[in-house]
Amino acid sequence: MTQINKSRSTDTRHQILSTAQQIILGKGFAAVGLNEILKAANVPKGSFYHYFESKEHFGTALLEHYFEQYIAGLDSQLKADKRPAVERLIAYFEQWKSNQCNDTSMDRCLVVKLSGEVTDLSESMRLTLKKGTQQVIEHLAMCVQAAKDNDEIKLTADAQTVTEELYYLWIGATLMTKVNHTPSALELAMSATLSKLGLPNHN
């Protein structure tokens with residue numbers, strides 16, 4: 001395969017995954033047919049298995065693609081700059097809340113959308129979700145640790161444990177936002193986050 005053909009193949013694969021992510025956020029994994037994805041991506045129906053061995057392999061690749069994008073964005077949000085680490089951390093959670101509250105009936109988190117559905121369906125996808133969420137927690141924990149080291153926050157537990165507690169809190173709040181169609185769970189999550197970090201709550 002020439003370099004040009006490799007590039008085209010990579011672009012087409014990326015197009016399929018990006019298109020599928022938006023559709024699956026709306027409908028779930030099992031409910032979406034491959035033909036619907038390929039039609040929306042403007043890719044010939046017969047070419048799917050050129051890029052993916054099976055729908056399970058496709059689902060695993062979809063999650064890997066999602067986490068690659070998510071962690072790249074997370075690193076950009078949390079990267080060291082002139083702001084204190086705690087400001088960068090709170091800004092991340094504020095953006096999480098804002099993104100989910102823009103339309104409480106619309107899923108915007110693939111972890112929340114698929115975790116309950118695919119963990120019993122596919123071991124490969126479950127492990128990819130596990131690995132991806134662990135990476136997110138690790139990156140967040142580095143920012144929590146920096147805030148602790150700089151005496152910006154006071155913690156009663158180690159940074160890793162606190163970060164896990166916060167991440168699970170926000171995942172649960174996002175799920176309940178979907179259930180209730182109101183932002184109240186995310187607002188409570190923000191208040192709990194500030195309390196956990198020993199910061200004043202101005203709400």
Side-chain angles (χ1 to χ4, degrees), residues 18-32 62-63 65-79 81 83-119 125 129-130 132-144 146-148 152-157 159-203:
S18 295
T19 302
Q21 181 174 312
Q22 296 307 311
I23 297 173
I24 289 172
L25 277 170
K27 296 184 176 182
F29 184 75
V32 176
L62 175 70
L63 288 168
H65 174 74
Y66 172 78
F67 280 115
E68 285 174 5
Q69 291 181 312
Y70 190 93
I71 291 172
L74 176 61
D75 283 345
S76 178
Q77 286 177 289
L78 298 181
K79 68 181 179 182
D81 55 26
R83 295 175 299 164
V86 68
E87 287 189 16
R88 286 177 262 137
L89 186 67
I90 296 302
Y92 164 78
F93 286 118
E94 286 285 5
Q95 183 171 332
W96 184 331
K97 181 165 74 75
S98 177
N99 287 344
Q100 296 297 326
C101 289
N102 284 339
D103 181 356
T104 56
S105 66
M106 174 64 182
D107 284 303
R108 300 179 185 276
C109 177
L110 206 60
V111 174
V112 171
K113 185 67 176 180
L114 296 188
S115 57
E117 178 183 359
V118 306
T119 48
M125 292 177 71
L129 274 167
K130 180 181 178 181
T133 53
Q134 287 174 337
Q135 289 176 331
V136 172
I137 290 169
E138 288 170 5
H139 287 247
L140 286 169
M142 288 189 288
C143 193
V144 172
K148 180 181 179 182
E152 299 165 7
I153 57 175
K154 302 295 183 184
L155 302 181
T156 57
Q160 180 71 22
T161 299
V162 169
T163 304
E164 289 175 357
E165 291 173 348
L166 292 177
Y167 184 75
Y168 300 151
L169 168 68
W170 280 83
I171 289 292
T174 302
L175 176 60
M176 292 312 299
T177 296
K178 176 183 174 182
V179 170
N180 296 329
H181 284 191
T182 69
S184 58
L186 289 166
E187 291 168 355
L188 287 172
M190 179 57 76
S191 294
T193 297
L194 296 173
S195 177
K196 175 69 69 174
L197 298 177
L199 299 172
N201 190 341
H202 299 296
N203 292 340

Would you check if the side chain of [X] reaches a backbone N or O of [Y] as a donor-acceptor pair within less than 3.5 Å?
X: Asn180; Y: Thr182; value: no
X: Thr174; Y: Trp170; value: yes
X: Thr193; Y: Ala189; value: yes
X: Glu152; Y: Ala85; value: yes

How long is the span from the [atom1] atom in [X] to the [atom2] atom in [Y], to the nearest 0.5 Å?
X: Leu199; Y: Ser191; atom1: CG; atom2: OG; answer: 12.0 Å
X: Leu197; Y: Phe93; atom1: CG; atom2: CZ; answer: 7.5 Å
X: Ser18; Y: Gln69; atom1: OG; atom2: CD; answer: 5.5 Å
X: Leu63; Y: Leu129; atom1: CG; atom2: CG; answer: 4.5 Å
X: Ile171; Y: Met176; atom1: CD1; atom2: CE; answer: 14.0 Å
X: Phe29; Y: Lys113; atom1: CZ; atom2: NZ; answer: 13.0 Å

Qualifying residues under ring pair (Phe, Tyr, Trp, His ring centres under 6.0 Å), relative to Tyr66, sequence neighbours excluded =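 In terms of ring pair (Phe, Tyr, Trp, His ring centres under 6.0 Å), with neighbours along the sequence ignored, Tyr66 is linked to Tyr70.
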Not counting sequence neighbours, which residues clear ring pair (Phe, Tyr, Trp, His ring centres under 6.0 Å) with His139? List them please.
->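 Expected list: none.
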For a quick test of reading the model, state the closest non-hydrogen atom pair linking [X] to [Y] and the distance between them.
X: Gln100; Y: Thr177; answer: O-CG2, 4.5 Å
X: Val136; Y: Leu74; answer: O-CD2, 3.9 Å
X: Ala30; Y: Glu117; answer: N-OE2, 2.6 Å
X: Ala173; Y: Leu186; answer: CB-CD2, 3.9 Å
X: Gln21; Y: His65; answer: OE1-CD2, 3.9 Å
X: Thr163; Y: Ala141; answer: OG1-CA, 3.3 Å

Just checking, is any N or O donor in the side chain of Glu138 or Gln134 under 3.5 Å from an acceptor N or O on the other one?
->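 No, Gln134 and Glu138 have no side-chain donor paired with an acceptor closer than 3.5 Å.
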Can Leu140 and Leu166 be said to form a side chain to side chain contact (heavy atoms under 4.5 Å, CB included), step by step?
-> CA-CA 10 Å; Leu140 286 169; Leu166 292 177; over 6 Å; no
Could you pull out all residues at least two apart from Glu68 that satisfy salt bridge (charged side-chain N to carboxylate O under 4.0 Å, His left out)?
->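 Glu68: no salt bridge (charged side-chain N to carboxylate O under 4.0 Å, His left out) contacts found.
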Side chains of Leu110 and Leu62: closer than 4.5 Å at any heavy-atom pair?
->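 Yes - at least one pair of side-chain heavy atoms lies under 4.5 Å apart.
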Ile90 versus Leu194: any side-chain heavy-atom pair under 4.5 Å?
->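 Yes, close enough: below the 4.5 Å cut-off.
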Step by step, work out the side chain to side chain contact (heavy atoms under 4.5 Å, CB included) result for Val144 and Leu155.
-> CA-CA 9 Å; Val144 172; Leu155 302 181; 3.8 Å; yes
